[in-house]
Amino acid sequence: MRPLWALSVAGALSVVGALAGHDGSQPGAALDAGTRADGVGHDRGLDCREVRRRNSSERCRFVRGTPDCRMDGGFLDYLGGAFCAFPAALLPLSVSLYALWLLYLFVVLAVTAEKFFCPNLSAISTKLKLSHNVAGVTFLAFGNGAPDVFSAVVAFSDPRTAGLAVGAVFGAGIFVTTMVAGGIALVKPFAAASRPFLRDIIFYMVAIFLTFLVLYFGRITLGEALAVPTDAVEQESSSADCGDYGEEYRPLLPYHETSLHILSSALNPLDKHKWRRKPWYWRLFKVLKVPVELVLLLTVPVVDPDRNDLNWKRPLNCLHIITGPLLCVLTLKSGAYGLYQIQGVFPVWALVALIGSVLAIIVFVTTCNEEPPKYHCVFAFLGFLSSALWINAAATEVVNILQTLGIIFELSNTVLGLTLLAWGNSIGDTFSDLTMARQGYPRMAFSACFGGIIFNILVGMGLGCLLQMTSSQTVVKLEPDSLLVWILAGALGLSLVFSFVAVPAQCFQLGKAYGTCLILYYLAFLCVALLTEFRVIHLAAT
């Protein structure tokens, strides 16, 4: 069991490292972008946040010419769009468009993780013949926390946005264990399972204590960074329910279909029968998801071990042989690898498309529509990699938008992480847990609040720090210059201590009083955090 566990963790490490495309050139990470010690802009004496203090006519030139305003990774120049593409009077319009695009990116993250990333991880664990327990604490836990983990990894890969990662993992932890857990107790009072609750909350408090020590000493070594995700995998005990994307495309009666009909039905993200039964708001949300689902269907294969045909779609899977590798080379390093020209003549993407086309023709000729080939499991690994790259690309854009909003409104990355990024990544958990509670499973929903977040905080921070290390630099400096970081860590620890004491004191009978206290606690924490951000609460000068 240990070799399989090691294989799964090593695979996750290598994939995330490749996705981030980090070159190890920035070994330090300051947690407050406004008071960085090692940022590029600080070396040049210019901080990108000074752009709002410039005249309107100078802002575009300042953004273009200041190294600190350059965002590594990503496909869109959000700062350039805000200060160059729009006149100064239309800055609120650009901010509104960025906010809408941010919400849509959260939809992309949720759909990709639930419908594509998680099912392929389930297929891989089945192929490797992992037990349900081992699969739950490795592949499925990673799949369930993919948006949180990738957002933290992307944010940690750049010292200027490390505060986003700290704010997001701590902020999501406070939000889920107070607002979501409190909402469950309000919706459906219940008796909590004593042993799983105590186990999860003790491990959670240990994780917070270890993170607090790292912040206190201001550095993390290679051994500590490796131990953090290791502890998370060993301690994580909750597994996620993965969505079955192919369910709504399953035909009512088995019959032989032509390749063209299989391709058209597989690429149709709408089910007319379900469309008629669902309410109007579901239809509206489905319309918003259709473009995302269509693009993902074209580029990400899904292997379903619970179906007789393993979700084998011969024409579509052959198309995936071309589009999947193309996606990989065009998303890594924001397309730098794919656009590279061999000998200055032939681009890499064209070579990949050519090789993929040859392989697709071979697979199409040597297989049939009715029965999947013996090597069909390879498509699960291709789907895992493709969906991981989609999640990484969307997470990179999310981090860049939040960094841009922080510069425009002169907010620290930490407060953006604990609010917008934490809320966005927790939307799916909130709705799923509250729905589960309403359906009569409050104990399961409550356990998910404390179990899954342990994996996210330890693996997200551990892998993020690993990506900054090089062979010559095995120590990453973490400098929590902002008081808000300490308030965030202290508030999360205090909320866990409150639940650790209050739940057993009530004989594990959780009702509306407990839920109300948790919600009021989060609102009080949010007020203190915002007052600290706007310097109403601050340390006395010495």
Side-chain angles (χ1 to χ4, degrees), residues 103-123 126 140 143-144 146-147 240-320 323 367-372 376 379-380 383 386-387 390-391 427-441 444-445:
L103 293 176
Y104 198 72
L105 286 173
F106 283 127
V107 174
V108 174
L109 287 171
V111 171
T112 309
E114 179 185 0
K115 304 297 186 181
F116 294 86
F117 190 70
C118 194
N120 281 311
L121 284 177
S122 178
T126 301
L140 298 186
N144 189 45
D241 292 330
C242 296
D244 180 7
Y245 194 84
E247 184 67 28
E248 59 186 273
Y249 310 121
R250 190 170 297 173
L252 296 177
L253 296 174
Y255 63 96
H256 296 288
E257 298 176 296
T258 64
S259 296
L260 183 60
H261 187 271
I262 293 174
L263 180 62
S264 60
S265 61
L267 289 177
N268 180 20
L270 291 176
D271 182 0
K272 60 180 180 180
H273 301 290
K274 183 178 289 188
W275 179 270
R276 293 170 182 170
R277 297 194 308 265
K278 294 296 183 179
W280 66 270
Y281 54 84
W282 183 93
R283 298 181 186 181
L284 178 61
F285 188 58
K286 185 65 177 179
V287 170
L288 294 176
K289 292 196 301 182
V290 162
V292 178
E293 293 178 345
L294 183 59
V295 172
L296 289 171
L297 285 171
L298 283 169
T299 56
V300 182
V302 177
V303 177
D304 187 355
D306 296 328
R307 298 181 58 175
N308 293 331
D309 62 352
L310 302 178
N311 199 38
W312 167 248
K313 308 293 183 183
R314 177 175 167 234
L316 181 59
N317 289 143
C318 291
L319 181 62
H320 288 149
T323 59
T367 57
C368 61
N369 292 333
E370 292 74 23
E371 185 178 355
H376 187 219
F379 286 91
S386 300
S387 55
W390 272 118
I391 293 175
I427 288 176
D429 295 333
T430 302
F431 284 103
S432 61
D433 290 344
L434 292 179
T435 301
M436 195 180 302
R438 291 193 188 97
Q439 293 175 350
Y441 303 98
M444 185 185 302

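The model shown is predicted, which means the values in this text are computed figures rather than measured ones.
In this structure, the side chains of Asn311 and Phe379 stay at 4.5 Å or more apart for every pair of heavy atoms. Two residues are said to be in side-chain contact when any heavy atoms from C-beta on lie closer than 4.5 Å; Ser386 and Thr299 fail this criterion. At least one side-chain heavy atom of Val300 sits less than 4.5 Å from a side-chain heavy atom of Asn120.
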Next item on the list: Verify side chain to side chain contact (heavy atoms under 4.5 Å, CB included) between Lys115 and Val302, making sure each step is shown before the conclusion.
Entry: CA-CA 8 Å; Lys115 304 297 186 181; Val302 177; over 6 Å; no
Next item on the list: Dump the intermediate steps for side chain to side chain contact (heavy atoms under 4.5 Å, CB included) on Val292 and Tyr104, then the final yes or no.
Entry: CA-CA 10 Å; Val292 178; Tyr104 198 72; 3.1 Å; yes
Notebook entry, point to check: Going through the distances and angles, do Leu288 and Val107 end up as a side chain to side chain contact (heavy atoms under 4.5 Å, CB included)?
Noted result: CA-CA 9 Å; Leu288 294 176; Val107 174; 5.8 Å; no
Margin query: Pair Leu270, Trp275 - check side chain to side chain contact (heavy atoms under 4.5 Å, CB included), show working.
Written below: CA-CA 7 Å; Leu270 291 176; Trp275 179 270; 4.1 Å; yes
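Here the closest heavy-atom approach between residue Leu310 and residue Pro305 is recorded as CD2-CA, 3.7 Å. Residues Pro269 and Glu293 share a closest heavy-atom pair of CB-OE1, 3.4 Å. Leu267 approaches Leu298 most closely through the heavy-atom pair CD2-CD2, 3.6 Å. The heavy-atom pair separating Ala380 from Ala123 by the smallest distance is CB-CB, 4.0 Å.
For Ser387, the side chain to side chain donor-acceptor pair (under 3.5 Å) criterion is met by no residue, not counting sequence neighbours.
With hydrogens and angles ignored, the 3.5 Å screen pairs no side-chain donor or acceptor of Asp309 with any backbone N or O of Glu370. Remark: side-chain polar atoms of Arg283 are paired, donor with acceptor, to backbone N or O of Arg276 under 3.5 angstrom. Side-chain atoms of Ser265 come within 3.5 Å of backbone atoms of Ile262 as a donor-acceptor pair (strictly under, hydrogens ignored).
Judged purely by distance below 3.5 Å, without hydrogens or angles, the side chains of Thr367 and Trp312 never pair a donor atom with an acceptor atom.
Here CG of Leu316 is found 11.5 Å from OG of Ser259. Values are rounded to the nearest 0.5 Å. Distance check, rounded to the nearest 0.5 Å: NZ of Lys286 to NZ of Lys274 gives 7.0 Å. Between the CG atom of Asn268 and the CG atom of Leu263 there is a distance of 11.5 Å, given to the nearest 0.5 Å.
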